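First up is the structure itself, then whatever we jot down about it.
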Amino acid sequence: MKLNSLFIVLDGGDGAGTTTHSHLLKGFLENKDFKVHLTREPSRNKIGVLLREFLRNKDIPATTDALLFAADRDLHYHNEIKKKLDEGYIVISDRFIESSIIYQSVQSNKISIDWIKQINKFVGKPDLTIILDIDPKIALARKTDKALEKFEDIGFLNKVRHLYLTRAEQEGYCIVNTDDIIELVQEKIQNIVIAKLD
Ligand code: TMP
């Protein structure tokens, strides 16, 4: 078993495939004998469960969402992610702070990126952030669950996509387009992770 703590985040707009690719990446790294911990946000703690419920409720103020996502992340980072990193695991998180920066700042023009960074400032930074990019039209067409969550709206997701791409360029994040078949997209993600591990 190889010990090699590394904090990897897969982020991107709804339907970009962060969940599918996080699972595939975990399997790939475990086959290479790494210890891997897979997690996600909203997390599995009580605040995360409440947030999943709020994703179906359009009456929740964007500021409340932002504060709850930050609280969920704070607890998730300190009680789960940091512990696993200290034990030498590779941690893969399906979404992290970049989701708050993008979604909550697009949700309301009262919310600035600086404020999101402030309320999230007690969590550690990922070592590697990979942005999965998808055209929202394709993403929404792929959906099998007909009950849409509040962010699954084409106009909103176009703004989300634009901001992910702008910030990825500013921050030097890797961008992987997910129009291709899953195997090819996953191979691109694996190559980025292997290069980072080397
Ligand atoms: P998902 O698990 O299907 O990706 O859904 C999570 C939804 O929550 C997605 O629409 C993005 C949104 N979200 C935020 O708005 N802010 C956040 O900080 C996080 C982690 C997720």
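Just follow the structure's listing: the first ligand is 1, and inside any ligand the first atom is 1. In this text the structure is predicted, and so the values were computed from the model without any measurement.
In this structure, Lys84 forms a cation-pi arrangement with Tyr89, its terminal cationic atom sitting closer than 6.0 Å to the ring centre and no more than 45° off the ring axis.
Atom 3 (O) of ligand 1 has its closest protein heavy atom at Arg52 NH1, 4.4 Å. Atom 4 (O) of ligand 1 has Arg95 NE, 2.7 Å as its closest protein atom, hydrogens excluded (heavy atom only). Among all non-hydrogen protein atoms, the one lying nearest atom 18 (O) of ligand 1 is Ser100 OG, 2.6 Å. Atom 10 (O) of ligand 1 has its closest protein heavy atom at Asp14 OD1, 2.9 Å.
Cluster membership check: Val91 shares its hydrophobic cluster with Phe96, using side-chain heavy-atom separations under 4.5 Å among Ile, Leu, Val, Met, Phe, Trp and Tyr. Residues Leu25 and Ile130 share a hydrophobic cluster, clusters being chains of Ile/Leu/Val/Met/Phe/Trp/Tyr side chains in contact below 4.5 Å.
Glu171 pairs by the side-chain hydrogen bond (donor to acceptor under 3.5 Å, both in side chains) definition with nothing, not counting sequence neighbours.
Against a heavy-atom cut-off of under 4.0 Å, Leu55 is close to the following atoms of ligand 1: 6 (C), 7 (C), 8 (O). Short contacts between ligand 1 and Phe151, defined as distances under 4.0 Å to a heavy atom of the residue, involve ligand atoms 10 (O), 12 (C), 15 (O). Per-residue contacts place Glu41 under 4.0 angstrom from the following atoms of ligand 1 (heavy atoms of the residue considered): 20 (C).
Ion pair Asp127/Lys196 not flagged as a salt bridge, since none of the NZ, NE, NH1 or NH2 atoms sits closer than 4.0 Å to an Asp/Glu carboxylate oxygen. Note on Lys188 versus Asp180: salt bridge recorded, some NZ/NE/NH1/NH2 to OD/OE distance being below 4.0 Å.
With a 4.0 Å heavy-atom cut-off, ligand 1 is reached by no atom of Glu98. At a heavy-atom distance under 4.0 Å, no atom of Gln107 approaches ligand 1. Under 4.0 Å from ligand 1, the heavy atoms of Gln104 that appear belong solely to its side chain. Under 4.0 angstrom from ligand 1, there are no non-hydrogen atoms of Thr19.
Glu152 contributes a side-chain N or O that, together with a main-chain N or O of Glu149, makes up a donor-acceptor pair within less than 3.5 Å.
Considering Phe156, Phe54, Phe69 only, the shortest heavy-atom separation from atom 21 (C) of ligand 1 involves Phe69.
Just one of Glu41, Glu98, Glu80 meets the salt bridge (charged side-chain N to carboxylate O under 4.0 Å, His left out) condition when paired with Arg73; it is Glu41.
Contact analysis leaves Arg40 out of contact with ligand 1, as no non-hydrogen atom separation drops below 4.0 angstrom.
Between the side chains of Gln107 and Asp65, a donor-acceptor pair is found at a separation under 3.5 Å.
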